[in-house]
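Values reported hereafter were calculated over all heavy atoms of this structure, with side chains retained and with hydrogens, waters and symmetry mates removed. Within every chain, numbering begins at 1; the chains are lettered A, B, ... in the order of the sequence lines, protein sequences first and strands thereafter.
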Amino acid sequence: MTDVRVRIAPSPTGPLHIGTARTALFNYLYARHHGGTFVLRLEDTDVARSSTAYEQDILDGLHWLGLTWDEGPGVAGEAARGGYGPYRQMERLDRYRAAADRLLAEDRAYPCYCTKEELDAERARLEAARLPPRYSGRCADLTPAERAAFEADGRRPALRFRIEPGLVAFDDLVRGRVEIDASALGGDMVILRADGTPLYHFTVVVDDAAMRISHVIRGEDHLSNTPKHILLFRALGEAIPAFAHLPLILNPDRTKMSKRKSQTAIGDYIAQGFTREGLVNYLALLGWSTGTEEEVLSLDEIASRFDLDHVQKGGAVFDRERLEWLNGQWIRRLEPVELVDRLRPFLAAEVAAGRIDRQPTDDEVLTLVPLIQERLPVLGAVGELIGFLFRERVELDPALLVPKRWDAATALQGLAAAREAIGAVGPVRFEADELEPPLRALAEARGWKAGDLFMAIRVAVTGRTAAPPLFDTLVALGRDRALARLDAAIEVLAAAA
RNA sequence: GCCCCCAUCGUCUAGAGGCCUAGGACGCCACCCUUUCAAGGUGGAGAUCACCGGUUCGAAUCCGGUUGGGGGCACCA
C-alpha cells in the first residue's frame, strides 16, 4: 500500500457532532495504524451557516479527544501544518475556479441559467408525479445566442457538471463491490453556485485529489454520493482514492443520530464529565471490534489493533449506559492526582452554580479520591458525592432522617445518642477506626441494627441517603461540623414531630 | 417514487461451512461482600442467527428471493 493519507473534513456549521468525532477517530486510527498522515480540512463553503465559533468548538473537541492532526489549518496560536494547504476551503476558491474552468473548457460542464424557483417547480412536478427528483438538462445544450440572451436578461449562471450515462462501480473497503447506474444520480449536478462559490461534491473531489488523499473513510450517508465523486475524479484526470463507508450512529429508533432525538454535541458530553478515554473507547467500539473479547482499550491500544476488516456494516444505536460504564472504567484507572486535575473544573462549576460555597483545594480533593473514585460514572457527579462537605449547611428532609424500620422518636433518640458517642471521641482521635467501635457498641446496647443507626447519622450529616462510607465521611467533615450537623438534624426532627 | 446499503440476545458485538446445544460486554434479575450508594465476585433470564427456498454429508456463515429497517436523490455538508 502506498502512502496512507486520510482526512477529516468537518463543516463548521454546528458544534462537533458525535458522528463527526467518530469518523475523525476512525481516520486517525487508520493513519496511526499504517504510519500514515491524518489531515484536517475545514469545509466552510456554506458561508451563511458557517461560523468561527463552531470552527473553534470542532477543533477544540478533536484536540480534547486526542485526535491530533498531522496537517491542518492555522488556528489561534498555532501555525498551519502540512504541504498541501491552505486547509480551509474558502481559501482555496482559486483552485475550484481553475478546475471548473477546465471542465467548462472541455465541455464536461456548462452554465445553467435556471432559477431557484424554476428548479423548485420542476422538482415539485416530478414529486407530484411520483418520479425521482432529477434535473431535466434544460440548459445542457443552449446555443451561444440563448446564453447571451439569459446574460442580457441579467441572469448569472451556475455551473453544472455533465453526468454521462453508464455504470459506476467501486470496491468499498467495508462493503465490497458497489455498483450504481449514473442515471440514478439525479442528472447533471451543480458544482459552482451562481455567485461562483463551489459546492461540496466538487470541493471534496478537488481537495481530496490535491491533498493526495489515499483513503476516504466517511459515514455511510455518503455511499450513494460516491459515484458523483468518482465521475468528477475521472473528469479531472485524477487518481481515485479507496473508499470505506462506516455504519451510521443511530438514535434509539434506528434513524440516523440527530440532535432532535439524541445528545449529539461532543461539548455536552465533555461538560457532563465524560473522559476522553471513555468516549474514544466507546466510539471506537461503535461499529468496530477487535475481533477478540478485549473492550477497555486506550487510544494507542486501539490504534495498534485497528483495521477496516472488523468494521461493522449495519448501523449502531448509541447506548449511553454502555458509554457511562466504560467511562467509569476509565475514571477508576486514573491516577489520583490526575483525577483531582480533571475534577477541578467540575467543582468550579458547582461553585458557579451556587451548589457549594467554595472551591475545594487540590489536597482536600486528593484525600477524598479513595472515597469517590469508584462512585463516579461521570466526573460531573462529583458535586452530588462530596458537595455536602463544602456547603455551610445541608438541606434536611425530616422524612429521610427516619430509617425505614424506625419511627421518628427512635430516630431522635438515635441521633442524640450518636451525637454523644461521636462527641466522646476527642478531636485528636477523630479517625474512622476510632468512630466505628463506639457507634456499633451503641447500636448493640440499644438493640438497633447498626445500619439503621448509621443511616440516620448519614442523612443528618450529608442530607442524603447515598454517600461515601460513613466514618470516612465524618472524618472528612471534621468533628465540629459533624456535631453541629447532628444538632441541626435533631432540631429539624424535633420540630417536625 | 427511484437508487444504494444493511439484517446474530433490548443494546454494542464475536462468528470467514463442521470448534455453535451461538461466545463476550452493557443493561436487567438473584446471591455473596457490605453501614448506604457504588465497586467487585458468582450465578441467571435473554437470540427458532428476520423469513422462505436453494447449494452442501453439514449453513448464523455461500447463493437467490421475500420482508423489514436505514441512507441518498439541493445553487446543504
Just to be sure I understand the rule, does [X] reach a base, reach only the sugar-phosphate, or reach nothing, if contact means heavy atoms closer than 4.0 Å?
X: A:Pro247; answer: nothing
X: A:Pro469; answer: base
X: A:Tyr282; answer: nothing
X: A:Gly287; answer: sugar-phosphate
X: A:Ala184; answer: sugar-phosphate
X: A:Arg49; answer: base
X: A:Thr45; answer: sugar-phosphate

For [X] and [N], give me the distance from atom [atom1] to atom [atom2], rounded to whole Å.
X: A:His229; N: B:G72; atom1: NE2; atom2: P; result: 13 Å
X: A:Asp253; N: B:U11; atom1: CG; atom2: P; result: 12 Å
X: A:Ile191; N: B:C75; atom1: CD1; atom2: C1'; result: 12 Å
X: A:Ile457; N: B:U35; atom1: CD1; atom2: C1'; result: 9 Å
X: A:Trp406; N: B:U35; atom1: CH2; atom2: P; result: 15 Å
X: A:Leu326; N: B:U13; atom1: CG; atom2: C1'; result: 13 Å
X: A:Asp188; N: B:C75; atom1: CG; atom2: P; result: 12 Å
X: A:Glu374; N: B:G41; atom1: CD; atom2: P; result: 12 Å

Looking at [N], which nucleotide sits across from it as a Watson-Crick or G-U wobble partner, both distances under 3.5 angstrom, or is there none?
N: B:G18; result: B:C57
N: B:C28; result: B:G44
N: B:C49; result: none
N: B:C9; result: none
N: B:C2; result: B:G72

Phosphate contact ([N] OP1 or OP2) by [X] side-chain N/O below 4.0 Å:
X: A:Thr255; N: B:G70; value: no
X: A:Arg193; N: B:A77; value: yes
X: A:Arg254; N: B:G71; value: no
X: A:Arg160; N: B:C75; value: yes

Exercise for the section: Map A:Leu131 and A:Ala316 onto RNA chain B by nearest heavy atom, then report which one ends up closer to the 5' terminus. Expected result: A:Leu131

Handout entry: Pairwise 5' ranking along RNA chain B for A:Gln89 and A:Asp452, keeping only the more 5' one
Key = A:Asp452

Are [X] and [Y] ion-paired here, with the side-chain N under 4.0 Å from a carboxylate O?
X: A:Arg138; Y: A:Glu122; value: yes
X: A:Glu118; Y: A:Arg155; value: yes
X: A:Glu179; Y: A:Arg177; value: yes
X: A:Lys449; Y: A:Asp452; value: no
X: A:Glu277; Y: A:Arg333; value: no
X: A:Arg305; Y: A:Glu301; value: no
X: A:Glu55; Y: A:Arg88; value: yes
X: A:Glu374; Y: A:Arg332; value: no

Determine the Euclidean distance between corresponding [atom1] atoms of [M] and [N]; express it in Å to zero decimal places.
N: B:C62; M: B:G43; atom1: C1'; answer: 39 Å
N: B:U66; M: B:C5; atom1: P; answer: 14 Å
N: B:G70; M: B:C37; atom1: C1'; answer: 41 Å
N: B:G64; M: B:A59; atom1: C1'; answer: 15 Å
N: B:G46; M: B:C9; atom1: P; answer: 14 Å
N: B:A50; M: B:A7; atom1: C1'; answer: 7 Å
N: B:A16; M: B:U61; atom1: C1'; answer: 7 Å

Looking at [options], which one has an atom nearest to any side-chain atom of [X]?
X: A:Leu470; options: B:U35, B:G1, B:U36; answer: B:U35
X: A:Ser11; options: B:A77, B:C75, B:G23; answer: B:A77
X: A:Ala158; options: B:A77, B:C75, B:U36; answer: B:C75
X: A:Pro133; options: B:U36, B:G1, B:G72; answer: B:G1
X: A:Ser289; options: B:U36, B:U13, B:U35; answer: B:U13
X: A:Arg130; options: B:U35, B:G71, B:G1; answer: B:G1
X: A:Lys256; options: B:C76, B:G72, B:G40; answer: B:G72
X: A:Asp221; options: B:A38, B:G72, B:C12; answer: B:G72
X: A:Leu248; options: B:G70, B:C12, B:A39; answer: B:G70
X: A:Leu199; options: B:C75, B:G71, B:C37; answer: B:C75

Taking the six-membered ring for Trp, are [X] and [Y] parallel (under 30°), tilted (30 to 60°) or perpendicular (over 60°)?
X: A:His229; Y: A:His201; result: tilted
X: A:Phe454; Y: A:Phe471; result: perpendicular
X: A:Phe318; Y: A:Tyr282; result: perpendicular

Problem - A:Thr255 side chain to A:Asn251 side chain, donor-acceptor N/O pair below 3.5 angstrom - result: yes

Handout entry: Donor on one side chain, acceptor on other, A:Asn225 and A:Tyr200, under 3.5 Å
Key = no

Would you tabulate the nitrogen or oxygen pairs shorter than 3.5 Å linking the protein to nucleotides 4-7 of chain B?
residue, atom, partner, partner atom, Å
B:C5, O2', A:Arg175, NH1, 2.6
B:C5, O2', A:Glu220, OE2, 3.2

Problem - Any donor-acceptor N/O pair under 3.5 Å between B:A14 base and A:His310 side chain - result: no

Handout entry: Neighbour count >12 (heavy atoms, 6.0 Å) for atom CD, A:Glu420
Key = no

Set out, line by line, the N/O atom pairs under 3.5 Å between protein and nucleotides 26-33 of chain B.
residue, atom, partner, partner atom, Å
B:C26, OP1, A:Trp325, NE1, 3.4
B:C26, O2', A:Arg322, N, 3.3

